[in-house]
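Start at 1 and go down the list; that is how both ligands and their atoms are numbered.
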Amino acid sequence: MLIAPSILNADNLNLKEKISKAVDAGITRFHIDIMDGHFVPNLSFGPELVKDFKREFPMIDAEIHLMSNQPKTLVPEFVKAGADSIELHYEAMSEEDLEYWIDYIHSNGLKVALVLNPDTSVDVLNKYAVKIDQLLIMTVYPGFGGQSFIENSADKIKHAREILDNLNPKVPIEVDGGIDNKTAAIAKEAGAEIFVSGSYIFKNGSISGQINELSEVIK
Ligand code: DX5
Ligand code: ZN
């Protein structure tokens, strides 16, 4: 079980301080949301942020959630910036491109996750399970932090777990969107092992207190 805080809704002008507090509370991976204003209706960070992150926190993993349909422009830049893993949306590109970018990322020594939006069927895993290191199931429609967990996500997580258990059992399921101490328990019960959480960790007072509470629920 792992918590990967999303820094999207952490105070952008005090990011280093906020990230340090989470690291002091035991966090070893951050989830960095990249939004291009096109695939999703919002803008966020770019490769420079990832470069700065890895300079300041070289031992901490930077997981890039790429919400963009411009992989050709962006994937090589995030690889160069020092990302540890890149998460590609099934909906963002053709299957041919998806296969190309999965291979590209792997050949550069990074891990790859496939991301499925709430309306995308887990059946696509039949094709991709053997090619990926992690599956990210979106539990909100991507684009903004602070949304509510979509209730029927639990069934989807269970179904995905079954398919992965058959085809590539070592692939963990991560969930992203509306994760707090209640929804994390639901997702864990369904088979999730990695929990992205933004607002719950960074917008509720004590960062270490929130991380500890979430850790209790998922341990
Ligand atoms: C949504 C992002 C999420 C989100 C998580 O598009 O992918 O990572 O920022 O934030 P919370 O936990 O606030 O839903
Ligand atoms: Zn995300």
Side-chain angles (χ1 to χ4, degrees), residues 1-12 15 18-19 21-22 25 27 29-47 49-50 53 61-71 74-75 78 83-92 111-120 132-151 153-154 156-157 172-188 192-207 209-211 213-215 217-218:
M1 300 294 158
L2 188 83
I3 297 171
S6 156
I7 58 172
L8 184 66
N9 274 352
D11 178 357
N12 280 1
L15 266 186
K18 305 290 172 190
I19 292 169
K21 284 193 171 145
I27 293 300
R29 182 196 296 188
F30 284 83
H31 177 90
I32 303 180
D33 287 304
I34 307 301
M35 302 179 172
D36 69 350
H38 189 67
F39 179 68
V40 289
N42 197 3
L43 288 168
S44 59
F45 311 112
L49 184 275
V50 177
F53 175 94
D61 283 350
E63 167 180 278
I64 307 304
H65 178 188
L66 191 66
M67 284 166 272
S68 172
N69 45 18
Q70 301 297 315
L74 296 179
V75 171
F78 284 103
D84 296 283
S85 63
I86 298 186
E87 310 194 282
L88 301 171
H89 268 266
Y90 176 77
E91 307 81 12
K111 297 225 157 124
V112 179
L114 180 66
V115 193
L116 303 183
N117 270 342
D119 294 338
T120 303
I132 57 177
D133 304 293
Q134 178 172 302
L135 173 68
L136 170 53
I137 294 187
M138 292 307 299
T139 46
V140 298
Y141 289 93
F144 300 92
Q147 304 182 74
S148 301
F149 180 85
I150 296 172
E151 286 299 333
S153 301
K156 186 169 182 179
I157 297 164
I173 297 178
E174 178 180 52
V175 284
D176 181 13
I179 297 298
D180 58 24
N181 53 353
K182 293 191 184 70
T183 55
I186 296 169
K188 183 197 171 203
E193 292 172 73
I194 304 167
F195 302 82
V196 175
S197 183
S199 320
Y200 178 77
I201 290 175
F202 291 111
K203 287 209 174 285
N204 280 298
S206 160
I207 290 172
Q210 294 299 101
I211 290 172
E213 238 174 78
L214 206 50
S215 307
V217 174
I218 62 165

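- Of the protein's non-hydrogen atoms, the one nearest atom 2 (C) of ligand 1 is Asp33 OD1, 3.4 Å.
- Numbered from 1 in the order shown, with element, the atoms of ligand 1 that lie under 4.0 Å from a heavy atom of Gly146 read 11 (P), 13 (O), 14 (O).
- Looking from atom 6 (O) of ligand 1 to the surrounding protein, the closest heavy atom is Gly143 N, 2.8 Å.
- Taking the six-membered ring where the residue is Trp, His65 and His89 present parallel rings, their angle staying beneath 30° rather than reaching 60°.
- Protein heavy atom closest to atom 14 (O) of ligand 1, with residue, atom name and distance, is Gly178 N, 2.8 Å.
- Protein heavy atom at the shortest distance from atom 13 (O) of ligand 1 is Ser199 OG, 2.3 Å.
- The shortest distance between side-chain heavy atoms of Phe195 and Met1 falls below 4.5 Å.
- Short contacts between ligand 1 and Met35, defined as distances under 4.0 Å to a heavy atom of the residue, involve ligand atoms 6 (O).
- Closest of all the heavy-atom pairs between Asp33 and Ser44 is O-OG, 2.6 Å.
- For the pair Tyr200/Glu213, a side-chain contact is recorded, criterion being any heavy-atom separation below 4.5 Å from C-beta on.
- Between Lys203 and ligand 1 there is no heavy-atom distance shorter than 4.0 Å.
- Between Ile27 and Ile201 the shortest side-chain heavy-atom distance does not fall below 4.5 Å.
- The protein heavy-atom contact nearest to atom 3 (C) of ligand 1 is Asp176 OD1, 2.9 Å.
- In summary, the atoms of ligand 1 found under 4.0 Å from a heavy atom of Ser197, numbered by their order in the structure, are 12 (O).
- Within the 4.0 Å heavy-atom criterion, both parts of Pro142, backbone and side chain, lie near ligand 1.
- Closest protein heavy atom to atom 9 (O) of ligand 1: Leu8 CD2, 3.1 Å.
- Given atom 12 (O) of ligand 1, the protein heavy atom at minimum distance is Gly198 N, 2.8 Å.
- Numbered from 1 in the order shown, with element, the atoms of ligand 1 that lie under 4.0 Å from a heavy atom of Phe144 read 1 (C), 6 (O).
- Contact of the Asp84 side chain with the Arg29 side chain is not registered, since no non-hydrogen atoms from C-beta on lie closer than 4.5 Å.
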